[in-house]
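Just so it is clear, the values below take in all heavy atoms, side chains as well, and ignore hydrogens, waters and symmetry mates.
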Amino acid sequence: MEKLAIFGGPKVRDDPPPYREAMGPEERAAVLGVLEHYERIGADPPYEGRFQREFEQQFAREMGGGYARAVSSGSVACHVAVRALRLPRGGEVIMSPVTDSGSVFAVIEAGLGPVVVDSDPLSYNTSWREISHGLSDRTVAIFGVHCAGEPLDMTPIMTGAGSRGIPVIEDCSQAPWARVCAASCTCGSSICQGQLVGTFGDVAAFSTMYRKSLHSGGSGGVVYSRTEATAHAVLEEADRGRPKWSSDYRGGDPGHASVSALNHNTDEFSCAIASASLARLEQTVRQRRSFLEELSAAMEPLRSHATPMAYSRGQSPFFMPIVLSPKAAARKLEIATALQAEGIHLLPTYPCIVADWQVTRDLGICVVKADNAREMKMRSFNLFLNERYGRREAEEVARALDKVLGH
């Protein structure tokens with residue numbers, strides 16, 4: 001056998017894989033465009049200015065209509081989304097099992113109780129079957145996360161929630177422009193034309209931090225809704241409870257507020273960058289999906305030992321879990337460490353399982369079940385990817401896996 005790099009052998013890849021270059025020429029030009037515009041009109045860049053309005057309008061238009069509000073972070077987007085539904089304090093919100101702490105804490109900060117349900121087997125996404133195990137007469141909302149860019153199966157979720165009058169919040173932070181691909185879809189390898197995530201539920205939260213497919217620089221987020229009433233509540237929650245949509249709104253009066261809320265505004269530079277990123281988002285998704293197709297083909301001979309997580313044609317890839325066989329999973333951390341030594345960029349274990357957090361126990365958060373999510377964590381590592389990965393990277397991942405698993 002070829003000597004492993006971790007033991008001094010040659011690496012599969014000597015140079016680093018391509019970094020994303022998220023701040024490309026378009027984004028750099030957008031930043032300069034903000035400076036030039038406000039210099040030309042003799043003003044300093046505000047919030048709620050021209051570039052924020054343009055981004056919000058562009059985002060809503062691409063979503064097929066509705067209302068978008070740019071905010072300062074993805075966690076803030078979750079917070080605003082939850083608060084905008086005006087849910088009764090003390091109620092329970094069904095939560096996906098794999099998420100960032102921002103979404104969980106958004107629920108707690110709104111005076112609500114998270115109820116964490118399990119994922120489907122060998123997936124980080126939940127389903128209506130698992131959600132139903134957490135329902136009670138205290139359930140006031142469902143907060144579903146489209147994890148890793150793979151869309152939830154939203155049709156049964158919306159049917160089940162709708163029959164019970166339960167509002168649905170979608171966290172689309174890892175899955176902008178993912179689509180729920182119908183069983184009869186014939187899109188093949190092209191971008192699926194199914195319904196966009198974020199357009200199913202009552203309100204949706206998006207993160208636009210620098211590592212996301214849709215980004216606005218360092219930090220940012222978007223809250224999307226389809227009804228005017230929810231959009232008004234979002235505006236209030238995003239900026240100190242101010243009813244800016246009202247015809248008698250008094251902009252200079254800080255006491256003119258409908259509800260108690262904080263200032264979660266963003267800025268012109270972030271929104272200009274986000275507009276540039278949004279303009280090429282569909283291309284970004286296409287390029288990432290092309291890599292996954294290359295990866296799946298390259299890993300085909302290894303399927304009895306390791307395989308990419310099952311993904312749909314509507315996925316908007318963020319990262320790709322590689323699922324190991326039960327035998328290989330017993331030595332997952334050794335395998336992941338050896339792969340890293342071969343030059344493969346990956347995360348050996350995923351820390352976003354809510355049931356495993358100490359703070360979950362400290363706060364007494366209800367966990368219905370986490371068997372599937374924990375098994376997925378135990379059997380998989382997350383492969384980093386971006387739109388600049390291609391055939392070379394796919395073949396190197398497969399070659400490194402073959403080399404390491406051979407030992």
Between the side chains of Gln174 and His146, does any donor sit under 3.5 Å from an acceptor? no

Using the ring centroid of each side chain, check whether Phe319 and Tyr350 are separated by less than 6.0 Å. yes

Using modelled atom types only, decide if a donor and an acceptor are shared between the side chain of Ser163 and the backbone of Gly160 within a distance under 3.5 Å. yes

Under the criterion side chain to side chain contact (heavy atoms under 4.5 Å, CB included), I'd like the reasoning laid out for Trp177 against Leu196: C-alpha separation, chi angles, the key distance, then a yes or no. CA-CA 6 Å; Trp177 272 221; Leu196 284 167; 4.3 Å; yes

For the residue pair Glu54 and Gln58, confirm or rule out a side-chain donor-acceptor distance under 3.5 Å. no

Less than 4.5 Å apart, side chain to side chain, heavy atoms only: is that true for Glu130 and Asn372? yes

Over all heavy atoms of both residues, which pair between Thr139 and Gly134 is shortest? Give the atoms and the distance, please. OG1-O, 4.0 Å

Would one find more than 12 heavy atoms of other residues, nucleotides or ligands at under 6.0 Å from atom CD of Glu21? yes

To the nearest 0.5 Å, how far apart are CE in Met309 and CG in Leu292? 9.0 Å

Compare every heavy atom of Arg313 with every heavy atom of Cys181, then report the nearest pair and how far apart it is. SG-NE, 3.9 Å

Any donor-acceptor pair under 3.5 Å from Ser277 side chain to His215 backbone: yes

Less than 3.5 Å apart, any donor N or O on the side chain of Asp100 or Ser103 sitting next to an acceptor on the other? no

In the structure I gave you, are the side-chain heavy atoms of Phe318 and Glu150 within less than 4.5 Å of one another anywhere? no

Taking C-beta and beyond as the side chain, do Glu237 and Arg86 meet within less than 4.5 Å on heavy atoms? yes

Closest approach of Val140 to Leu112 (non-hydrogen atoms, all atoms of both residues): CG2-CD2, 4.1 Å

Distance-only, no hydrogens or angles: does the Arg179 side chain make a donor-acceptor pair with backbone N or O of Gly194 under 3.5 Å? yes

Can you confirm whether Ile108 sits close enough to Ile365 that some side-chain heavy atom of one is under 4.5 Å from a side-chain heavy atom of the other? yes

Is the distance between the ring centroids of Phe269 and Phe51 less than 6.0 Å? no

On a heavy-atom basis, the closest approach of Tyr47 and Thr266 is CB-O, 3.2 Å

List the steps, then state whether salt bridge (charged side-chain N to carboxylate O under 4.0 Å, His left out) holds for Arg250 with Asp248. CA-CA 6 Å; Arg250 302 185 299 277; Asp248 64 350; 5.2 Å; no

Yes or no on side chain to side chain contact (heavy atoms under 4.5 Å, CB included) for Met154 and Ile157, after CA distance, side-chain angles and deciding distance? CA-CA 5 Å; Met154 291 302 298; Ile157 292 174; 4.2 Å; yes

Taking every heavy atom of Ala398 against every heavy atom of Ala298, the minimum-distance pair comes out as CB-O, 3.4 Å

Looking only at atom types and distance, does a side-chain atom of Ser207 sit under 3.5 Å from a main-chain N or O of Ser173, one as donor and one as acceptor? no

Treating Glu268 as the side-chain partner and Arg50 as the backbone partner, does any N or O pair qualify as donor plus acceptor under 3.5 Å? yes

Under-4.0 Å salt bridge between Arg83 and Glu109: no

Would you say that more than 12 heavy atoms from the other residues, nucleotides or ligands in this model lie under 6.0 Å from the NE2 of His345, or not? yes

Evaluate side chain to side chain contact (heavy atoms under 4.5 Å, CB included) for Val71 paired with Val222, printing each intermediate quantity in order. CA-CA 6 Å; Val71 292; Val222 180; over 6 Å; no

Inter-residue atom distance Glu294.CD - Met299.CE, 0.5 Å rounding: 14.0 Å

For Asp44, does the CG atom have more than 12 heavy-atom neighbours from other residues, nucleotides or ligands under 6.0 Å away? no

If we only count heavy atoms from C-beta on, is the Cys78 to Phe143 side-chain gap below 4.5 Å? yes

Could you tell me if the side chain of Val117 sits less than 4.5 Å from the side chain of Ser96, heavy atoms only? no

Any side-chain heavy atom of Arg69 sitting closer than 4.5 Å to one from Leu235? yes

So does Ala70 get a backbone contact from the side chain of Glu56, meaning a donor-acceptor N/O pair under 3.5 Å? yes

Go through the steps to decide whether Ser213 and Leu281 satisfy the test side chain to side chain contact (heavy atoms under 4.5 Å, CB included), and finish with yes or no. CA-CA 7 Å; Ser213 305; Leu281 181 56; 4.0 Å; yes

Would you say the side chain of His37 lies within less than 4.5 Å of the side chain of Ile41, judging by non-hydrogen atoms? yes

Ion pair check, Glu342 and Arg13, cut-off under 4.0 Å: no

side-chain hydrogen bond (donor to acceptor under 3.5 Å, both in side chains), that's the test. Do Thr208 and Ser216 meet it? Break it down for me. CA-CA 5 Å; Thr208 60; Ser216 58; 2.8 Å; yes

Looking at Cys147, is its backbone amide N or carbonyl O close enough to the side chain of Asn125 to form a donor-acceptor pair, meaning the two atoms are under 3.5 Å apart? yes

Between Glu236 and Arg242, is the salt bridge (charged side-chain N to carboxylate O under 4.0 Å, His left out) condition met? List the steps. CA-CA 5 Å; Glu236 291 173 332; Arg242 299 179 173 186; over 6 Å; no

Hey, is Arg280 close enough to Glu27 for a salt bridge, meaning N to O under 4.0 Å? yes

Do Arg399 and Glu395 meet the salt-bridge criterion of a basic N to acidic O distance under 4.0 Å? no

Just checking, is any N or O donor in the side chain of Glu92 or Ser136 under 3.5 Å from an acceptor N or O on the other one? yes

Strictly below 4.0 Å, N to O, side chains only: are Arg374 and Asp118 in salt-bridge contact? no

Is the distance from the ring center of Phe384 to that of Tyr389 below 6.0 Å? no

Salt bridge or not between Arg40 and Glu36? Use side-chain N to carboxylate O under 4.0 Å. no

Interatomic spacing from CD1 in Ile142 to CG in Asp202 - rounded to 0.5 Å: 10.0 Å

Presence of salt bridge, Glu48 and Lys244, under 4.0 angstrom: yes

Count the heavy atoms belonging to other residues, nucleotides or ligands that lie under 6.0 Å from OH of Tyr38, then report whether that count exceeds 12. yes

Would you find a donor on one side and an acceptor on the other, under 3.5 Å apart, between the side chain of Arg388 and the backbone of Tyr19? yes

Donor-acceptor pair, side chain of Lys212 and main chain of Phe206, under 3.5 angstrom: no

Can you measure from CD1 (Ile94) to OG1 (Thr126) and round to the nearest 0.5 angstrom? 9.0 Å

Leu346 backbone acceptor or donor facing Gln340 side chain under 3.5 Å: yes

Heavy-atom closest pair (Arg226 atom, Phe200 atom, distance to 0.1 Å) is NH2-O, 3.1 Å

Step by step, work out the ring-ring contact (aromatic ring centres under 6.0 Å, His included) result for Trp357 and Phe105. CA-CA 13 Å; Trp357 299 343; Phe105 295 160; 7.1 Å; no

Charged N-O contact under 4.0 Å between Asp120 and Arg129: yes

Just checking, is any N or O donor in the side chain of Thr230 or Ser225 under 3.5 Å from an acceptor N or O on the other one? no

